[in-house]
Undergrad: 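My structure is below; once you've seen it, I'll send some questions.
Predicted, not measured: the structure shown is a model, and the values here were computed from it. Throughout, a chain's letter reflects where its sequence line sits, starting with A, and its residues are numbered from 1.
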Amino acid sequence: MSLAFDILLAFGVVFTAAAALGTHDRVASIAGFVVTGLLVALSLVRLGAPDVALAEAAIGAGLTGALLLRSAWRLKPAESRVSPAIDRIIVALIAVCLSGALAWAVYTAPGAALYPALVSERLAESGVTNPVTAVLLNFRAWDTLLEIAVLFVALILVRIVAPAHPQPVVLGELMLPFARIVVPMCAFLAGHLLWQGASVPGGAFQAGAILAGGLLVLMLGGFAVLTPRLLSWGMMVALLGLAVFAVAALSTEALTGTLLLYPDGAAKIWILMIEAVLTLSIAAMLCLLFCGMPRRPLNDV
Amino acid sequence: MTSELIYICAGSGLVGLAFYRLATCRDMLLRVLSLNVLAVGIAILFLASARNAGMTDAVPQAFILTGIVVLVAVTAALLALAEQIDSQRDE
Amino acid sequence: MTTVLQVVGLTLTTFGVSFLLIAALGVWRLPDVLSRLHALTKADSAGLALIALGAACLKGRPDSLLVLGLCVVLVALSGVTIGHLIARAHLSEGDLE
Amino acid sequence: MTIHDVPPIDRQQTPSATTEPHQEVLAVARSSGRLRGAITTGTVLVVLWAGFHWNDPTSWTVGVPMALIGGALVLFLPASAPLQLSPLGMLRFAKFAIIGILRGAVDVSWHSLSPRTLQPGFIPWRTHLPKGGPRRLFAVAITLLPGTLTARIEDDMLTIHALDLSDATRDALAALEAHIAKLYRLDHKEMVL
């Protein structure tokens, strides 16, 4: 029974991806991509990775889909120069070989499971009981610190390039009750995911993405206008995550002699503090990445 | 083991499809979209191979989670660059 | 008691899933955009509500009702709002008869 | 259609800022209304948090800041008038809504199975409900009830798309309007407004 479900789901993933990539209608293609993302999230749950599934649904399908849709109206379609049939056949052959080789290589790779034993052995001293959170914010916290730095670099790049700011449209009266319920619910769900991330699936990234969704409802509904003042506040919050994480790294160095090795027994508090700030910071960064940041103040709006 | 094999096939199928589209398509938006599909396919492959006796290894999970967040930042940056190229071409 | 709850839960879930299936059928078969929106807004909310109620019965714990209720409210609200927004955009494109 | 085709929002024309005489008084009322909305939202969030995490008092380290942030985000939304609902009306309306939603789902399923019998069209409807909460609730409820969908709202004029253009639909709309009026304790004098 569950095997039939798996086959159906895997088929659905490949089919929707093919539909998304096969059509020339951009909006249809993005819609297909979002559906693919949601089905992939479901298959990640089947693969025993609910943390990743939450992130894929919120970020991979939701925010990326919104970003693509935003740009679909701005980018001019490329001149439809169809590549010659012989080229396409060769590329298709290479693609089929690539897929086959990849599947074969992954399937036959020796499953040297080195990490699970190590993780479960030290999980008790990590301060949390969700192994993914333990890896992200304790065992490999250094990676996560750099990841936040990468996000911030992308934000700076967007700021330099300065794409146009999306103009909110008048969406009518029914946006108000929607925002009145959905925006606080986003804050609630973000807090809930942040808190439960210590023991069950959830954490700062998923929480930040959901909070960013709430902020985008405010922006696109026309309730909050990105004034220069709001923009500089947003940048401050975005930087705050990186700053707090870096300060935490330095102070753990001072306290314990190792970067991001938390003092004995206090790991949970450290992790929770860093995660709470990261949630706000990730939300601000994702929101600003979506809205773009004009160099000029928005006088003419 | 069979259910992992199914998802390995799906993941490598996504990689193949995205590769074909990346190579044959000139549209910037569709290229960025294909890049995202490629990353999703690799995530499925990675996680399917990380499964062992009903448990999924936490370290690859953390890597993929990091990858998803970095990918959305990369997508935003690429789209901003593409929009800039488009508007430069206009002038 | 548990078997009664299970039977009730399975029945509710079956009804919910069939509503969702029929909604999908409706999107395929109904003649125009606005009529399709009817299928999407109503059958979806009702179907999901029934599935959530059934899931709560199957779970057998009252605290799961809170989470599931929240899901239903959010889905129904966003369904209604998005249905209205699509209809509105469709009208402003000038298809009003 | 989406973000770019329609002119940008004009802050002066949002529903909260109408051209009424005592602008300053209204401004004060609006800001206090916003604060009240934020406090209400924060309280609801605290109650919800208590429902989710009642067995874990340490969770309030996250719960309290969350409620504050949720309340603060609501400050961006325009204020609405304080609710004066009758409890009995709420129960009656809930019963009416649940039955209506189920009937709506059955009805639309029926139409999906036999789309040939369908004669869809638009019904213009001038509502007597006052602007703000009651009128918005009316628009939302129309969409959930059988065979009707709010397609456009212009002041008190609603354009409703209906799957069935007979008098039965109009009667159902009138009944819904009466239910909402009872829920908000509006009598006919106020409704003429």
Side-chain angles (χ1 to χ4, degrees), chain C residues 12 15-16 18-50 53 62-67 69-70 72-73 75-97, chain D residues 1-3 5-7 44-45 47-55 97-122 124 136-154 158-164:
Chain C
L12 286 174
F15 270 109
S18 44
F19 270 142
L20 290 186
L21 273 179
I22 293 176
L25 190 73
V27 171
W28 182 38
R29 288 193 55 178
L30 287 175
D32 57 293
V33 174
L34 288 168
S35 307
R36 287 174 189 174
L37 281 178
H38 282 276
L40 279 181
T41 48
K42 293 175 194 56
D44 251 26
S45 325
L48 191 87
L50 288 180
L53 211 57
D63 55 343
S64 58
L65 213 57
L66 191 60
V67 187
L70 222 54
V72 172
V73 168
V75 168
L77 184 70
S78 53
V80 168
T81 312
I82 291 167
H84 168 69
L85 287 181
I86 294 176
R88 197 171 172 272
H90 190 74
L91 276 193
S92 62
E93 276 176 8
D95 288 340
L96 187 53
E97 305 293 290
Chain D
M1 176 146 173
T2 56
I3 305 172
D5 303 348
V6 191
V44 172
L45 289 179
V47 171
L48 263 182
W49 190 271
F52 271 62
H53 300 277
W54 50 273
N55 49 1
I98 290 171
I99 293 174
I101 289 169
L102 283 178
R103 264 186 43 223
V106 172
D107 178 68
V108 82
S109 306
W110 188 247
H111 282 304
S112 304
L113 293 176
S114 57
R116 299 253 173 266
T117 59
L118 213 59
Q119 294 288 335
F122 291 96
R136 285 194 289 263
L137 181 65
F138 185 48
V140 169
I142 284 174
T143 302
L144 281 176
L145 294 188
T148 47
L149 180 95
T150 316
R152 183 186 279 169
I153 310 171
E154 283 165 342
L158 295 146
T159 306
I160 295 164
H161 182 259
L163 291 180
D164 172 20

Undergrad: What is the distance from atom CG of C/Leu21 to atom OG of D/Ser109, rounded to the nearest 0.5 Å?
TA: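 Reported value, rounded in 0.5 Å steps: 10.5 Å.
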Undergrad: Side chain from CB out, backbone as N, CA, C, O: work out which of these in C/Ala39 comes under 4.5 Å of a heavy atom of chain D, or both, or neither.
TA: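 Both backbone and side chain.
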Undergrad: Any idea which heavy atoms bring C/Thr41 and D/Leu144 closest together, and the distance?
TA: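 Here C/Thr41 and D/Leu144 meet closest at O-CD2, 4.3 Å.
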Undergrad: Among C/Leu85, C/Leu30, C/Asp44, which has the most heavy-atom pairs under 4.5 Å with chain D?
TA: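 Among the listed options, the one with the most contacts to chain D is C/Leu30.
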Undergrad: Checking C/Asp32 against chain D: side chain, backbone, both or neither under 4.5 Å from a heavy atom?
TA: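 The side chain, not the backbone.
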Undergrad: Might you point out which heavy atoms bring C/Ala87 and D/Thr150 nearest each other, and give the distance in Å?
TA: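 Shortest heavy-atom separation between C/Ala87 and D/Thr150 comes out as CB-O, 4.3 Å.
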Undergrad: Quick one: closest heavy-atom pair of C/Leu66 and D/Gly51, and the distance?
TA: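 Looking at all heavy atoms of both residues, the shortest contact is CD2-C, 3.8 Å.
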Undergrad: Between C/Gly26, C/Ala46, C/Ser35, which residue shows the highest count of heavy-atom pairs closer than 4.5 Å to chain D?
TA: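 Heavy-atom pair counts peak at C/Ser35.
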Undergrad: Identify the heavy atoms of C/Lys42 and D/Ala105 that sit nearest to each other, and give their distance.
TA: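 Answer, listing the atom of C/Lys42 first, then D/Ala105: O-CB, 4.2 Å.
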Undergrad: Please classify the contact between D/Leu113 and chain C as side chain, backbone, both or neither, with a heavy-atom cut-off of under 4.5 Å.
TA: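 Interface part for D/Leu113: both.
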Undergrad: Within a radius of less than 6.0 Å around CZ of C/Arg88, do more than 12 heavy atoms belonging to other residues, nucleotides or ligands occur?
TA: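 Yes, enclosed.
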Undergrad: If you define the side chain from C-beta out and look only at heavy atoms, does anything of C/Phe15 sit under 4.5 Å from D/Leu102?
TA: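 No. Closest side-chain heavy atoms not under 4.5 Å.
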Undergrad: Any side-chain heavy-atom pair from D/Pro120 and C/Leu34 closer than 4.5 angstrom?
TA: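 In short, these two side chains do not touch, never coming nearer than 4.5 Å.
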Undergrad: So which part of C/Leu70 gets closer than 4.5 Å to some heavy atom of chain D, the side chain, the backbone, both or neither?
TA: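 Just its side chain gets close to chain D.
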Undergrad: How long is the straight-line distance from CG of C/Leu50 back to CD1 of D/Ile101, given to the nearest 0.5 Å?
TA: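 With rounding to 0.5 Å, CD1 (D/Ile101) is 10.5 Å from CG (C/Leu50).
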Undergrad: If you take all heavy atoms of C/His38 and D/Leu163, which pair is closest and at what distance?
TA: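 Of all heavy-atom pairs spanning C/His38 and D/Leu163, the closest is CD2-CD2, 3.6 Å.
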Undergrad: Could you check which of C/Val27, C/Ile22, C/Leu77 has the highest count of heavy-atom pairs closer than 4.5 Å to chain D?
TA: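 Max contact count across the listed options: C/Ile22.
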Undergrad: Between C/Val67 and chain D, which part of the residue has a heavy atom less than 4.5 Å away: side chain, backbone, both or neither?
TA: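 Both backbone and side chain.
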